[in-house]
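Report on the following structure.
Just so we're clear, the structure is a prediction, and the values are computed from it rather than from any experiment. Quick note: residue numbers are just sequence positions, from 1.
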Amino acid sequence: MFLPSIDSTIINFDRALRVISGQARASRQNPARQCLDQDLSEAEQKHSAGLMRVNHVGEICAQALYDSQAVFSKSNEVKQQFARSSIEEEDHLAWTAERLQQLNSHTSVFNPLWYAGAYACGLIAGRCGDAVSLGFVVETEKQVEAHLASHLEKLPLQDAKSRAIVEQMRVDEIAHGAAADALGATNLPTPVKILMQGMAKVMTTAAYHL
């Protein structure tokens, strides 16, 4: 039976602390950097912050999922893909955190809980084998892409900075799903997809406010 090494456990624990404490660093330039600040009403600013907090939570979960799914993977190619995607997801984490600061808001108070829950889900998916684990990525990214597309409709039109970040995130998520599919992802059963949607609904509703 394959078990994670002590070294990998320590590394993952260290990454978890950095992610939860907000120490993410972007490897790419923030796509909102070239966008001009536009005046937002108090209600618009609060709404944008709520949506960006939800997106930040999504990236907290993404870090947990990719790290945990790699634990049981026996394929170096799959592990490398998880690592590449995780780097881009960390960009998203840093960008959304920066935007929340600009909006004079905060990250979710439940970040440790979101991370722990996502990590547990990733371990379960990873333990089921690479095909199922990759299928989990495909379905997750499909749901996230749809979620980000809805945010582009909900964000204030003049909030160009948030919109630029969300659009680049959407492009990256589509690519991550396509890469996982190309590596041999299996299609998840419908009940599992519905369960994932239900869990996402709980997370997004709570994170919007807290």
Side-chain angles (χ1 to χ4, degrees), residues 7-37 48-49 51-71 73 75-103 105-108 111-112 114-115 118-119 122 126 133-134 136-138 140-145 147-149 151-152 155 159-183 185 207:
D7 286 345
S8 66
T9 300
I10 293 174
I11 290 172
N12 283 350
F13 183 71
D14 177 68
R15 280 179 54 79
L17 290 178
R18 289 190 293 107
V19 169
I20 294 172
S21 63
Q23 298 182 38
R25 295 181 179 180
S27 60
R28 292 176 291 171
Q29 179 176 294
N30 191 322
R33 186 174 181 180
Q34 303 302 323
C35 297
L36 297 176
D37 275 317
S48 287
L51 294 177
M52 295 308 285
R53 182 162 43 253
V54 168
N55 293 330
H56 183 267
V57 166
E59 299 310 321
I60 290 282
C61 293
Q63 292 296 308
L65 287 171
Y66 280 120
D67 285 348
S68 59
Q69 285 179 264
V71 169
S73 176
S75 166
N76 287 331
E77 189 176 13
V78 170
K79 287 185 177 182
Q80 289 170 3
Q81 179 55 46
F82 285 164
R84 285 192 294 268
S85 295
S86 181
I87 290 173
E88 293 188 343
E89 301 286 5
E90 187 169 0
D91 290 344
H92 302 169
L93 190 63
W95 298 341
T96 51
E98 181 179 354
R99 185 57 185 150
L100 281 169
Q101 289 181 338
Q102 294 168 349
L103 291 167
S105 193
H106 58 86
T107 58
S108 174
N111 278 346
W114 304 134
Y115 188 96
Y119 198 92
S133 188
L134 290 167
F136 187 80
V137 171
V138 171
T140 297
E141 299 294 18
K142 185 182 298 182
Q143 293 186 18
V144 170
E145 189 275 326
H147 157 84
L148 292 173
H151 276 200
L152 289 173
L155 282 165
D159 188 359
K161 287 184 174 291
S162 295
R163 297 177 70 84
I165 292 170
V166 171
E167 176 56 32
Q168 185 57 55
M169 289 171 63
R170 190 183 72 84
V171 170
D172 291 342
E173 305 298 359
I174 292 173
H176 298 166
D181 193 35
L183 286 173

### Query
Between Glu90 and Arg25, is there a donor-acceptor pair closer than 3.5 Å when you use the side chain of the first and the backbone of the second?
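Such a contact is found between Glu90 side chain and Arg25 backbone.
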With rounding to the nearest 0.5 Å, note down the distance linking [atom1] in [X] to [atom2] in [Y].
X      : Y      : atom1 : atom2 : value
Ile174 : Glu145 : CD1   : CD    : 4.0 Å
Glu59  : Leu93  : CD    : CG    : 6.5 Å
Glu88  : His92  : CD    : NE2   : 6.0 Å
Arg163 : Ser48  : CZ    : OG    : 9.5 Å

### Query
Charged N to carboxylate O below 4.0 Å: is that the case for Arg170 and Glu167?
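The answer is yes: the pair qualifies as a salt bridge.
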### Lys/Arg-Asp/Glu bridge criterion (N-O < 4.0 Å) met for Arg99, Asp159
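Salt bridge flag = yes for Asp159 with Arg99.
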### Query
Leu183 and side-chain contact (heavy atoms from CB on, under 4.5 Å): which partner among Leu134, Val138, Val137?
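Exactly one candidate clears the test, Leu134.
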### Message
Any donor-acceptor pair under 3.5 Å linking the side-chain atoms of Asn55 with those of His151?
### Response
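Judged by distance alone, the side chains do pair up.
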### Message
Under a 3.5 Å threshold, yes or no: a donor from one side chain and an acceptor from the other, between Gln63 and Ser86?
### Response
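Short answer, yes.
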Where is the tightest heavy-atom contact between [X] and [Y], given as atom of each residue plus distance?
X      : Y      : answer
Ala118 : Leu65  : O-CD2, 3.2 Å
Arg53  : Ser105 : NH1-OG, 2.8 Å
Tyr115 : Ile60  : CD1-O, 3.7 Å
Pro31  : Gln168 : CG-CB, 3.9 Å
Gln69  : Ser133 : NE2-OG, 2.6 Å
Glu89  : Glu141 : OE2-OE2, 3.4 Å

### Message
side-chain contact (heavy atoms from CB on, under 4.5 Å), that's the test. Do Ser162 and Leu103 meet it? Break it down for me.
### Response
CA-CA 10 Å; Ser162 295; Leu103 291 167; 4.3 Å; yes
### Heavy-atom side-chain contact between His147 and Val54 under 4.5 Å
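Side-chain contact under 4.5 Å: yes.
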### Message
Going by salt bridge (charged side-chain N to carboxylate O under 4.0 Å, His left out), name the residues that satisfy it together with Arg28, two or more places apart in sequence or in a different chain.
### Response
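Residues passing salt bridge (charged side-chain N to carboxylate O under 4.0 Å, His left out) with Arg28: Asp91, Asp172.
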### Message
Determine whether Leu152 and Leu148 satisfy the following criterion, side-chain contact (heavy atoms from CB on, under 4.5 Å), listing intermediate values before the conclusion.
### Response
CA-CA 6 Å; Leu152 289 173; Leu148 292 173; 5.9 Å; no
### Task
Walk me through it: do Gln34 and Gln29 pass the test side-chain contact (heavy atoms from CB on, under 4.5 Å)?
CA-CA 10 Å; Gln34 303 302 323; Gln29 179 176 294; 3.6 Å; yes
### Query
Parallel under 30°, tilted from 30 to 60°, perpendicular over 60°: which one fits the rings of Phe82 and Tyr66?
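If you compare the ring of Phe82 with that of Tyr66, the planes turn out tilted.
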### Task
Kindly determine whether His176 and Thr140 satisfy side-chain contact (heavy atoms from CB on, under 4.5 Å), including the steps that lead there.
CA-CA 10 Å; His176 298 166; Thr140 297; over 6 Å; no
